[in-house]
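As the structure is a computational prediction, the values presented were derived from the model and not from experiment. In what follows, chains carry the letters A, B, and so on, assigned in the order in which the sequence lines appear, proteins first and then strands, with residues in each chain numbered from 1.
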Amino acid sequence: MAFLMILPSIIAIAIFVYGFIGWTAFVSLTAWTGIKPDFTFVGLDNYVTVFGNGRFQTNMRNTVVFTAFFLVTCLVLGMLLAVMVDSRVKGEPFFRSVYLFPMAISFIVTGVAWRWIFTPGSVPNDPTGVNLLLQRAGLGFLQSNWIADNRVIPDWYPDWSKTKLGVPMAMVPVIIAAVWQMSGFTMAMYLAGLRGISEEIKEAARVDGCDELGVFRYVTLPLLRPVTLSAVVILGHISMKIFDLVVSMTNGGPGNATEVPGLYMYTQVFSANKIAQGAAVAMIMLVLVALLIVPYLRSSVSKEVE
Amino acid sequence: MTEAPAATTEAAGTAAAGGSTAGGKLEIFSWWTNGGESDGLNAMFDIYKTQNAGVEVINATVAGGAGTNAKAVLQTRLAGNQPPDSWQVHAGREALSYVNADQLEPLTGFFKEQGLDKAMPQFLLDQLTINGEIYTVPVNVHRSNVMWYNIKVFNDNGLKPPTTMDEFFTVAEALKGKGITPLAVGGSNKFEASHLFESVLLATFGPDDYPKLFDGTDTLWKDPRAAEAISTLGKMLSYSNSDRSAIGWSDAAQQVVDGKAAMTIMGDWTHGFLLSKGLKPNVDYGYMAAPGTTGSFIWLSDSFGLAKGAPDKEQALAWLAVCGSKDGQDAFNPKKGSIPARTDADLTKYDEYLQSAIKDFGSLKLAPSAAHGAATTNTYQETYHNSLEQFSSDLDEKTLLQTLTDAAADNTK
C-alpha cells in the first residue's frame, strides 16, 4: 500500500530525472552537431575535446574560484549574522527578515541590479555605479574596472594549462552579488542551529569555568557542524550550477573570464548547435555535483540507520 | 504606420495572390525588440493586418543582439517540433543550418509568383540559393562596415574622419591626447568585437580575398595577412574604452553622440537607433565607410522563411508576400534604418543616409558579413564571436589566430 502511494512520484522521477540523465549521457557519446540528430557513436571523443579546450579549462578555473570564495564568505558571514541576531538584539524579527529577504529575489534580478552597480564607466573621470559613489566620497583611488576587469591574479600560466590560473578579478563582483543573496539564507540555517542548542549544555560549560568565547569555541561550534555540512552541500551545488546570475551580470565576460560550465553548455547547445559537446559538459557538471552530494547523503543516511 | 492607408488599395491584389486569408492566426518569430527595429516590424504588421483582416498576429520576439538568445529559443522549439510559422534568419550561409536539418520549405516558386526574382538583384538571389532552391525572403539589407562619428568632436579638434588605417591611428593618437576616447567599442552583446574585426579583415584582405576566409577551409587563416589583421585589431582596441565588456553596441553609439568618444564602427542599425533618439544624420552624427574599406560594402540581410510543417501555412505565405513586397519593404526599412533588398524602392521614403546606402549597395564591391550570418553558419559564429570577445579582453594574438584556424571547418556545419 505504501509502495502504491509513492509509485506515481517514482515513475515521474524515473522518467523526468533519471531518464533524461541517461539520454544526456547517451547524446554525449554521439557526434550530434547541428539541428538534425546524428547518433554516430564516438565514445569519449567529446569529453577529450572539452577537457582539452582552453575555454572549458577557464570555466573550470572559474567554478573553483567562485565556489571557494562564495562558500567561505557565505559561511563566515552567515554565522556572524546568526550570532548577532541570536544575541537578543532589539527588533530581532526585523533584522532576521532584512537579512533573509535577498534570498527571495531571483538571481536574474540580483544580476541585473548588481550589473548596474558594478558597471565601471570611464575610470577615473567619468565613472558610473559604485565607482561614482567612490569618487563622490573622495575615495577615487579605490575605483576599479569591476565587471570589465580582465586581470587574473596571480597571472600563473603553466605549460600544461591552456588558461591563466588565478582569481579572475571580474569574478569578484559576481561573488559579492552571490554572497549578498545567499548569506541571509546561511544565517537562517545557523540561527535554527543555534536555537537548537540547549541552554543547559552551555550553562554546564560555564559552570566548568568556560568563558563566553570558550563556550562558543568548544560547545556551540562543534554542535553546529551538521548545519555547516548542510550549508556547504546546499551552497556548493548552487555554485557549481550557477548560470542565471552570471548570464545577467557579466554574460561570461570580459572574454571568458567569468564564464562557467553551465553557460558554456548553454552556448554550445543553443548557439553553436554542438549538442553532443554540450551534453558532455552537462555530464561533467553532474559528476562534480554528485561528488559533493553523494558522500553527504551517505553519511546522513548511515546516521539515521544508527 | 503612415504607410498603412496607402497600402490598403493594393491589399486586395496581394492578398489574393498569396491566397486570401480570413481569420486564423500567424506566429512570427524574430529578435527585433529595439527602438527602430520594432517600429519597422510593427509597420509591416499594420500592412499585413490591413490585407488580412481577422488574422491574429502573434509577435514572438526574443531580445538579444545578433539574435543569440532568440536562436536558442528557436532551437528548442524546432527540436520539439513546435516551429513558429515564419522566423527571422540571416540570409546567406546561416540558413544552411536549417536547410541541412530540413526545417525550411523551398520558396523558389513563391519568388516567381510574387515577381521577387525580377525585383531583387541577381547577386542577392545567388547568395540566397542553397542547393538550387531559395528558402528565405530577404526584407532588408544592412551595411556592416560603417564608421559613425561625432562631427563636433572632429571639428573642435581640427581633425578629419579617417578613411585609411594609417589615418585612423594618426587621428586616434591625437584624440587620445585630448582625453577623448577615439573608438567606442561594446562587448556585452557578444558580437561587437567580432563585428569590428570583419571590417579590419576586409581592410587587410580586400574585397576579393575576404570572402574566401569563410569558405570552410583554413587556407587564408594561415596567410600572414590573418596575423596582420589580428594585430591591427589589437592596436585599434588599445585606442578604445576599457569597459568594453560591460557595455553594449548601443551604449557605445551613445558615447559617440554624447561626445565622450569620437568614433564607433557598427552596422547601420546604429542609424535606426540614433533616429529613435531624435538625432539627425550629418548634424548630430556623421558616417562613412570604416577605415580602409572605402569602395566595399559588407552586407547582411534579415530574411524570413517558411517553416516546414508550418501550422498556419496560408497566413505565413501572405506574411512572406508582405515581406517581399515594395510596400512592406518601404514601410519597414526607413524605420529600421536599413535599405530594401529590392531595386525598385521608393527613394523619397528614405532619408539621406539610407539613400546613400542604397546608392553604395548598387555601386560598390560587395562582401558578406561574417558576424551576422551572411558568410557563416550558427556553429561557426559562436566560436567566431567568443574568440573575438576573448581577444577584446586579453589581446592574445596567438590564441585568437589558432582558435580561428582550428574553427574554419565548423563553417560547413
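- When side chains are defined from C-beta on, Thr267(A) does not count as touching Asn386(B), because their heavy atoms never get closer than 4.5 Å.
- For Thr33(A), the part sitting under 4.5 Å from any heavy atom of chain B is the side chain, from C-beta outward, and nothing else.
- Considering every non-hydrogen atom in both Gly253(A) and Lys190(B), the closest pair reads N-NZ, 3.9 Å.
- Residues Glu382(B) and Ser271(A) approach most closely at CG-CB, 3.5 Å, considering heavy atoms.
- Ranked by heavy-atom pairs shorter than 4.5 Å toward chain B, the options Ala170(A), Ala272(A), Ala148(A) are led by Ala272(A).
- Rounding to the nearest 0.5 Å places CG of Asn378(B) at 6.5 Å from CD1 of Ile35(A).
- Of the listed residues Pro37(A), Ala257(A), Gly121(A), the one with more heavy-atom pairs under 4.5 angstrom with chain B than any other is Gly121(A).
- Within a 6.0 Å sphere centred on CZ of Phe69(A), other residues, nucleotides and ligands contribute 12 heavy atoms or fewer.
- In this structure, chain A has no heavy atom under 4.5 Å from any part of Ser387(B).
- Atom CG of residue Asn273(A) and atom OG1 of residue Thr377(B) lie 8.5 Å apart, to the nearest 0.5 angstrom.
- Tyr98(B) touches chain A through backbone and side chain together, each having a heavy atom under 4.5 Å away.
- Below 4.5 Å, heavy atoms of chain B meet no heavy atom from residues 10-24 of chain A.
- The residues Asp126(A) and Lys260(B) are annotated as salt-bridged, a charged nitrogen and a carboxylate oxygen being separated by less than 4.0 angstrom.
- When the heavy atoms of residues 239-246 of chain B are compared with those of chain A, the residues falling under 4.5 Å are Ser242(B), Asp243(B), Ser245(B), Ala246(B), listed by number.
- Salt bridge status for Asp410(B) with Lys274(A): present, with a side-chain N to carboxylate O gap under 4.0 Å.
- Only the side chain of Gln75(B) comes within contact range of chain A, judged by heavy atoms closer than 4.5 Å.
- Within residues 44-61 of chain A, the residues approaching chain B closer than 4.5 Å by heavy atoms are, in numerical order, Arg55(A).
- Residue contact with chain A, scored on non-hydrogen atoms closer than 4.5 Å, is absent for Gln255(B).
- For Gln82(B), the CD atom is loosely surrounded, since the number of other residues' heavy atoms within 6.0 Å does not exceed 12.
- Looking at Glu389(B) and Pro254(A), their side chains never come closer than 4.5 Å, going by heavy atoms from C-beta outward.
- Counting non-hydrogen atoms of neighbouring residues, nucleotides and ligands closer than 6.0 angstrom, the NZ atom of Lys152(B) reaches no more than 12 such neighbours.
- Residue pairs that meet the side chain to side chain donor-acceptor pair (under 3.5 Å) test with at least one member in residues 134-149 of chain A, sequence neighbours left out, are Asn131(A)-Trp146(A), Asp149(A)-Arg151(A).
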